[in-house]
Each structure stands twice: as C-alpha cells, then as structure tokens.
Amino acid sequence: MKEISLNGQARTDLGKKASRELRKQGMVPCVIYGVEKDAEGKPTAQSFVVSQKELAKLLYTPNVYIVNLNLDGKEVKAILKDLQCDFVSDRPMHVDFYQITAEKPIVMEIPIKLNGLAAGVKAGGKLATSVRKLKVKSAYTNFPDTLDIDVTELGLGKSIKVAELNFENLEIVTSKEVVVCSVRMTRAARSAAEAAE
C-alpha cells in the first residue's frame, strides 16, 4: 500500500479561539489516538497541527495511504480516520488520525478496481459500479492499493455481490448482500434479445 509523509507540530494551546487562529495561518488542527494509553489504560489523544498545503497531498486524491507522521521528530504510522470540512469553502477544519502497528488489525476502506471486459458488455450491456470502496480488516501490512475484481465472466443482467468475493489475508467487513457491480441491459441489447427470440 502507498505511504505518504506528513510533518506535524504538537499543540498546547487548545480551544476554539486558538483553532480559528491556526486556520487563519493556513494550519489544520489534528488529533491522533489509538496506541498511547493513560495510567488508567484509557486511550489518549495527542493534539497537533499540519499545514493545509501539506495535508492536501493526503486529502485530494482517490488513493488510500498509510501516513508516516513526523510529530516534532517522533515517527508514528497512522491512517486518516475522520475529516471535518467547512460547509461553504470545503476547506479542512479538523482531522482525526488513528495510530497503527503491524501487529494490530485495523478496518480500512480500500478502492475496488474492475478488471477485464465483461461478457454482458460484449453482448451490448453496460457495466455499472455500485460501490467504489470496500471495508476490509487486516494488519496494515497486508493492504493492497486496490481490491482487484475480475468481471470477465459477468453476463447480461448479472451482478457480483460482496459474498462472492475473497481476498488473500483480508477479511471483508462490508455486508455480504451489497452489490459491487452489475451489467445492466441497455435498450439496444434488449431489442437484440427480443429480435433473436
């Protein structure tokens, strides 16, 4: 899986006023949680900031990345967990990261990639994708860039559900009933089928 590096600086001045000031300076307030725990064993969150310009490399792309965060010289691996954007400008307002390790399985949404020319498309149908990503669970070291799905045998009016899929070293978390893709009948294909009958 692709990796990306981001530089962050720890935040001590918290609160809405401080956050607004940071955004004016082109910085985005962030938080990371997941591995670190307090004396009572509860997860702790560390607040930091990343420049909006640098964060754009991670946010405005169809790819899914493992993030190598450099927090004041300390290297941490993480994934993007949550993103809050401004309703009007669509600028990032706050980002949550989740710290990961090679030992602990995590759930991530990985983009699907349909491979091959479906038999139903050859017969005049149209291939339709119902979902762009699937949720899978595994150690992050097992995640591919895309989940490749062969559609060569997919006939006219047929579909592929999550229940039919299987990926090495990955557990699919998305509901088994979800339709991933299908070949829809077009008017031309329907006319040809009726003419053949």
Side-chain angles (χ1 to χ4, degrees), residues 1-11 27-85 91-115 129-151 160-181:
M1 172 170 262
K2 293 184 176 76
E3 298 195 9
I4 194 169
S5 295
L6 290 179
N7 292 303
Q9 293 91 46
R11 246 183 103 188
M27 305 300 278
V28 181
C30 302
V31 72
I32 185 168
Y33 56 91
V35 175
E36 305 293 325
K37 295 197 169 41
D38 62 17
E40 296 172 17
K42 293 177 182 172
T44 60
Q46 182 183 351
S47 297
F48 64 100
V49 289
V50 174
S51 78
Q52 190 178 327
K53 191 177 178 183
E54 197 169 353
L55 203 56
K57 300 183 295 186
L58 174 67
L59 303 182
Y60 306 116
T61 171
N63 300 320
V64 179
Y65 290 101
I66 298 296
V67 182
N68 292 313
L69 271 176
N70 185 326
L71 297 177
D72 294 324
K74 182 186 172 188
E75 287 283 341
V76 178
K77 281 198 183 291
I79 56 168
L80 178 70
K81 198 69 176 170
D82 190 39
L83 169 66
Q84 293 166 23
C85 290
R91 277 176 50 194
M93 302 291 282
H94 191 274
V95 183
D96 284 5
F97 288 93
Y98 184 77
Q99 191 176 349
I100 57 174
T101 62
E103 299 78 40
K104 191 177 179 185
I106 55 167
V107 174
M108 269 189 90
E109 284 191 323
I110 306 292
I112 64 161
K113 184 183 175 190
L114 304 181
N115 296 323
T129 309
S130 306
V131 292
R132 296 197 179 281
K133 295 177 180 178
L134 293 177
K135 280 186 181 177
V136 291
K137 183 178 181 181
S138 186
Y140 83 83
T141 49
N142 293 329
F143 288 131
D145 289 329
T146 57
L147 298 171
D148 293 348
I149 301 168
D150 183 11
V151 296
I160 295 176
K161 287 188 176 182
V162 170
E164 301 165 53
L165 302 175
N166 185 28
F167 302 102
E168 195 177 349
N169 297 323
L170 299 175
E171 177 192 336
I172 304 174
V173 179
T174 302
S175 170
K176 293 187 183 325
E177 292 306 307
V178 170
V179 173
V180 177
C181 61

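Quick note: numbers below take in every heavy atom, side chains included, and nothing from hydrogens, waters or symmetry partners.
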Test side-chain contact (heavy atoms from CB on, under 4.5 Å) applied to Thr61 and Val64, Leu59, Asn63, Leu58, the passing residue:
Asn63

Looking only at heavy atoms, the pair that brings Val131 and Ile112 closest together is O-CD1, 3.2 Å

So with a 6.0 Å cut-off around CD of Glu164, is the heavy-atom count from everything else above 12?
yes

Closest non-hydrogen atom pair between Tyr60 and Pro92, with its separation
OH-CD, 3.5 Å

I'd like to check the side-chain hydrogen bond (donor to acceptor under 3.5 Å, both in side chains) partners of Asn169; sequence neighbours left out, ordered by chain and number.
none

Between Thr174 (side chain only) and Leu134 (backbone N and O only), is there a donor and an acceptor less than 3.5 Å apart?
no

Going through the distances and angles, do Cys181 and Val151 end up as a side-chain contact (heavy atoms from CB on, under 4.5 Å)?
CA-CA 9 Å; Cys181 61; Val151 296; 4.0 Å; yes

Taking the side chain as every heavy atom from C-beta outward, state whether Tyr33 and Lys81 have any atom pair closer than 4.5 Å.
yes

Any carboxylate oxygen within less than 4.0 angstrom of a Lys/Arg side-chain nitrogen, looking at Glu3 and Lys77?
yes

Would Asp148 and Thr146 count as having a side-chain donor-acceptor pair, cut-off 3.5 Å?
yes

Would you say the side-chain atoms of Glu54 pair up with the backbone N or O of Asn7, donor to acceptor, closer than 3.5 Å?
yes

What do the steps show when you test Val107 against Val136 for side-chain contact (heavy atoms from CB on, under 4.5 Å), and what is the final call?
CA-CA 5 Å; Val107 174; Val136 291; over 6 Å; no

Indicate the atoms forming the closest heavy-atom contact of Pro111 with Asp145, along with that distance.
CD-O, 3.6 Å

If you round to the nearest 0.5 Å, how far is SG of Cys30 from CG of Leu80?
9.0 Å

Between Asn70 and Glu75, the two heavy atoms sitting closest are ND2-OE2, 3.5 Å

Of all the heavy-atom pairs spanning Ala139 and Ala102, show the shortest one and how long it is.
CB-O, 3.4 Å

Would you sort out whether Leu170 and Phe143 count as a side-chain contact (heavy atoms from CB on, under 4.5 Å), showing the intermediate values?
CA-CA 8 Å; Leu170 299 175; Phe143 288 131; 3.8 Å; yes

Scanning both residues in full, the closest heavy-atom pair of Cys85 with Met93 reads C-CG, 3.7 Å

Counting only heavy atoms not in Lys57, do more than 12 sit closer than 6.0 Å to its NZ atom?
yes

Do the side chains of Ile66 and Ile79 get nearer than 4.5 Å, heavy atoms only?
yes

Stepwise, does the side-chain contact (heavy atoms from CB on, under 4.5 Å) test hold for Gln9 with Asp72?
CA-CA 6 Å; Gln9 293 91 46; Asp72 294 324; 3.9 Å; yes

